[in-house]
Amino acid sequence: MKIGMIGLGAMGMPIAKCFLNAGYELHAFDVAGKAREEIEKAGAAVYHEAGDIGEKADVIVSSLPNAAIVDSVISEVMGKKELRADTWIDLSSIAPASAVAFAKRLEEKSVSYMDCPVSGGVQGAAQGTLTVMAGGPDGTFEKVRDILEVIGKKIYHVGGVGAGSGIKMVNNFMLGCNMAAAAEALVLGSKLGLDLDTMYEIIGNSSGRSFIVENKIPNFIKKRKFSGGFAIDLQYKDLGLAMETARALSMPVHMGSTAVQMFETARAKGYGRDDITALVKMEEELMDVEVK
């Protein structure tokens, strides 16, 4: 089976290399020349137009920053006279409504679409241990299960098209709100004279524990390492997807609204490309204290 990979960013590149390591014939595209050069050296055939991928691959896998870019790429692929691919796996984090719309468009070309966002970060992508949340028809899921198992350790078929994007959106909504609360709590504790080791130990064994406490404190906050990881810009985008969806459902989301403002403030201060733990730096500056 020939796989077409569109998008060779922080997640797409290691995912593409997993496919190569698994023995798949890979046809790849990215707008960045450096990314194309890197994956070509790893053994993939590369192209300068996304549309060419649809003519070469049986299954297209896309990993792109937002729905607008996914939309553009789908238009380019569908615009080609010949289309070999009959299945599209979209790993991008987008709104459920966007996934449903893309599925309908691709159906016109007899291409089955699945929204399969992932969680686990760059390290998980490189190791093939991501969590995959798949939305789409049962038959299509069974067809691509082997492909998904190359990149994921835990594969969940959560429902029809849009369900994968929905659960990823809910997960990242909670992550963003948790990070916002943790940043304020840790700075509050530091202002009270509590040291980070004490807070980490006690909270990690109490009801306030979370992924932020278990992962972000030891690997980012304690090391004062705020680069890499999950960027504030991306978390801000994901919160926006949740807010947009809630608005369409006429649902008030009080915690989300506050978290959005905190991440927007961090972006205004220039922390957009830093890890989400940079919210701690922002709160530290506000309260003139360092969490340590």
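Values below: all heavy atoms of this structure, side chains included; hydrogens, waters and symmetry mates excluded. Everything numeric here is computed off the predicted structure, so don't read it as measured data.
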Taking atom CG of N205 as the centre, report whether more than 12 heavy atoms of other residues, nucleotides or ligands fall under 6.0 Å from it. yes
Distance-only donor-acceptor check, side chains E264 and Y236, under 3.5 Å: yes
Taking NZ, NE, NH1 and NH2 as the nitrogens, is one of them in D275 or K225 under 4.0 Å from a carboxylate oxygen of the other? no
Would one find more than 12 heavy atoms of other residues, nucleotides or ligands at under 6.0 Å from atom NZ of K153? no
Between the side chains of K168 and D238, is the shortest nitrogen-to-carboxylate-oxygen separation below 4.0 Å, so that they form an ion pair? no
Give a yes-or-no answer on whether the side chains of D115 and S165 include a donor-acceptor pair shorter than 3.5 Å. yes
Atom CD of residue position E214 - does it have more than 12 heavy atoms of other residues, nucleotides or ligands inside 6.0 Å? yes
In terms of heavy-atom contacts, does CE of M174 have more than 12 from other residues, nucleotides or ligands at under 6.0 Å? no
Could you tell me whether the side chains of S62 and D90 share a donor-acceptor contact shorter than 3.5 Å? yes
With sequence neighbours left out, what residues match F141 under ring-ring contact (aromatic ring centres under 6.0 Å, His included)? H157
Below 4.0 angstrom, N of the basic side chain to O of the carboxylate: do R273 and D233 qualify? no
Is the shortest distance from a Lys or Arg side-chain nitrogen in E142 or R145 to a carboxylate oxygen in the other one below 4.0 Å? yes
